[in-house]
A.B. asks: 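Attaching a single structure in structure tokens format; questions to follow.
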Amino acid sequence: SGLPHELAQIAERYPVTLYSGSDCSGCVAGRDMLRQRGIPYTEKTITGEADIAAFRQIESSAELPVLRIGGQQLRGYSEAEWRGYLDAAGYPKQSRLPPTYRGWEPTPLVGQTTAPRAVPAPRPAAEAPAALP
């Protein structure tokens, strides 16, 4: 994972997942706080109908953002509350991530679905190349 040993142990014991949506000011503020503090987290975006349906299966509320720290679930963004739970989990107050850390790429909650590709019609057999004289 490229994380310092102590941080990797905390992240394994209390993984952090951020569920976010577009046009969500609390999501932006929460994401910024997590990054400034150097918290390794997974971000799952809720953007399409499939994401919304899957999110409702996981969470009892449709409110975003939702932050999960281990088994704890925090709804809505409250900097003080998020910091308190991160402190209790043992996450450092200052970033200890290496400068090369790039683990913050958000992904859709449900894998991107693509339309099935049309199978191309078979090509006619190529003519054999002419023999050289």
Side-chain angles (χ1 to χ4, degrees):
S1 67
L3 298 176
H5 181 69
E6 179 185 341
L7 187 55
Q9 286 183 320
I10 296 166
E12 185 176 322
R13 216 169 334 147
Y14 301 105
V16 176
T17 304
L18 172 64
Y19 295 93
S20 65
S22 56
D23 300 326
C24 169
S25 61
C27 300
V28 172
R31 182 181 309 114
D32 289 347
M33 189 275 286
L34 291 170
R35 288 182 179 189
Q36 287 172 0
R37 184 158 168 174
I39 305 296
Y41 69 94
T42 302
E43 183 173 355
K44 297 294 184 180
T45 57
I46 314 300
T47 54
E49 290 300 320
D51 292 329
I52 293 168
F55 185 66
R56 287 190 176 140
Q57 296 276 330
I58 298 169
E59 302 294 335
S60 59
S61 170
E63 180 182 1
L64 290 175
V66 169
L67 184 69
R68 283 189 171 258
I69 304 169
Q72 296 294 321
Q73 172 186 304
L74 308 172
R75 292 187 190 133
Y77 177 65
S78 166
E79 183 174 347
E81 183 179 30
W82 285 26
R83 286 186 186 281
Y85 276 91
L86 291 166
D87 291 347
Y91 280 99
K93 295 181 189 306
Q94 301 290 323
S95 179
R96 293 189 189 158
L97 290 175
T100 57
Y101 182 77
R102 299 288 180 257
W104 289 319
E105 262 323 293
T107 58
L109 180 57
V110 176
Q112 298 233 351
T113 57
T114 56
R117 291 185 189 180
V119 177
R123 291 184 178 182
E127 292 181 27
L132 293 175

A.B. asks: Donor-acceptor pair, distance only, cut-off 3.5 Å: does the side chain of Tyr101 make one with the backbone of Pro40?
C.D. replies: no
A.B. asks: Please give me the minimum heavy-atom distance between Tyr77 and Ala29, naming the atom from each residue.
C.D. replies: CE2-CB, 3.6 Å
A.B. asks: Which value, rounded to the nearest 0.5 Å, describes the distance between Ile39 atom CD1 and Leu97 atom CG?
C.D. replies: 8.0 Å
A.B. asks: Working note: Lys44 + Ser20, criterion side chain to side chain donor-acceptor pair (under 3.5 Å); need CA distance, chi angles, decisive distance, verdict.
C.D. replies: CA-CA 6 Å; Lys44 297 294 184 180; Ser20 65; over 6 Å; no
A.B. asks: Are Arg68 and Glu59 ion-paired here, with the side-chain N under 4.0 Å from a carboxylate O?
C.D. replies: yes
A.B. asks: For Leu7 versus Pro92, what's the shortest heavy-atom pair and its separation?
C.D. replies: CD1-CD, 3.8 Å
A.B. asks: Indicate the atoms forming the closest heavy-atom contact of Leu18 with Cys27, along with that distance.
C.D. replies: CD2-O, 4.5 Å
A.B. asks: When you look at CZ of Arg35, are more than 12 heavy atoms from neighbouring residues, nucleotides or ligands closer to it than 6.0 Å?
C.D. replies: yes
A.B. asks: Could you give the distance from CZ (Phe55) to CD (Glu63), rounded to the nearest 0.5 Å?
C.D. replies: 9.0 Å
A.B. asks: Rounded at 0.5 Å granularity, tell me how far CG in Leu109 sits from CD1 in Ile58.
C.D. replies: 4.5 Å
A.B. asks: Please find the pair of heavy atoms, one from Trp82 and one from Gly76, that lie closest to each other, and give the distance.
C.D. replies: NE1-O, 3.1 Å
A.B. asks: Could you report the tightest heavy-atom contact between Ile46 and Asp51, atom names first, then the distance?
C.D. replies: CA-CB, 3.8 Å
A.B. asks: Work out which heavy atom in Ile10 is nearest to a heavy atom in Ala89; give both atom names and the distance.
C.D. replies: CG2-O, 3.6 Å
A.B. asks: How long is the gap from CD on Gln73 to CG on Leu67, to the nearest 0.5 Å?
C.D. replies: 10.0 Å
A.B. asks: Side chain of Arg31, backbone of Glu43: donor and acceptor closer than 3.5 Å?
C.D. replies: no
A.B. asks: Is there a side-chain contact (heavy atoms from CB on, under 4.5 Å) between Arg37 and Lys93 once you walk through the steps?
C.D. replies: CA-CA 6 Å; Arg37 184 158 168 174; Lys93 295 181 189 306; 4.1 Å; yes
A.B. asks: How far does CZ of Arg96 sit from NE2 of His5, to the nearest 0.5 angstrom?
C.D. replies: 13.0 Å
A.B. asks: Hey, what do you get for OG1 (Thr17) to CD1 (Ile69), rounding to the nearest 0.5 Å?
C.D. replies: 10.0 Å
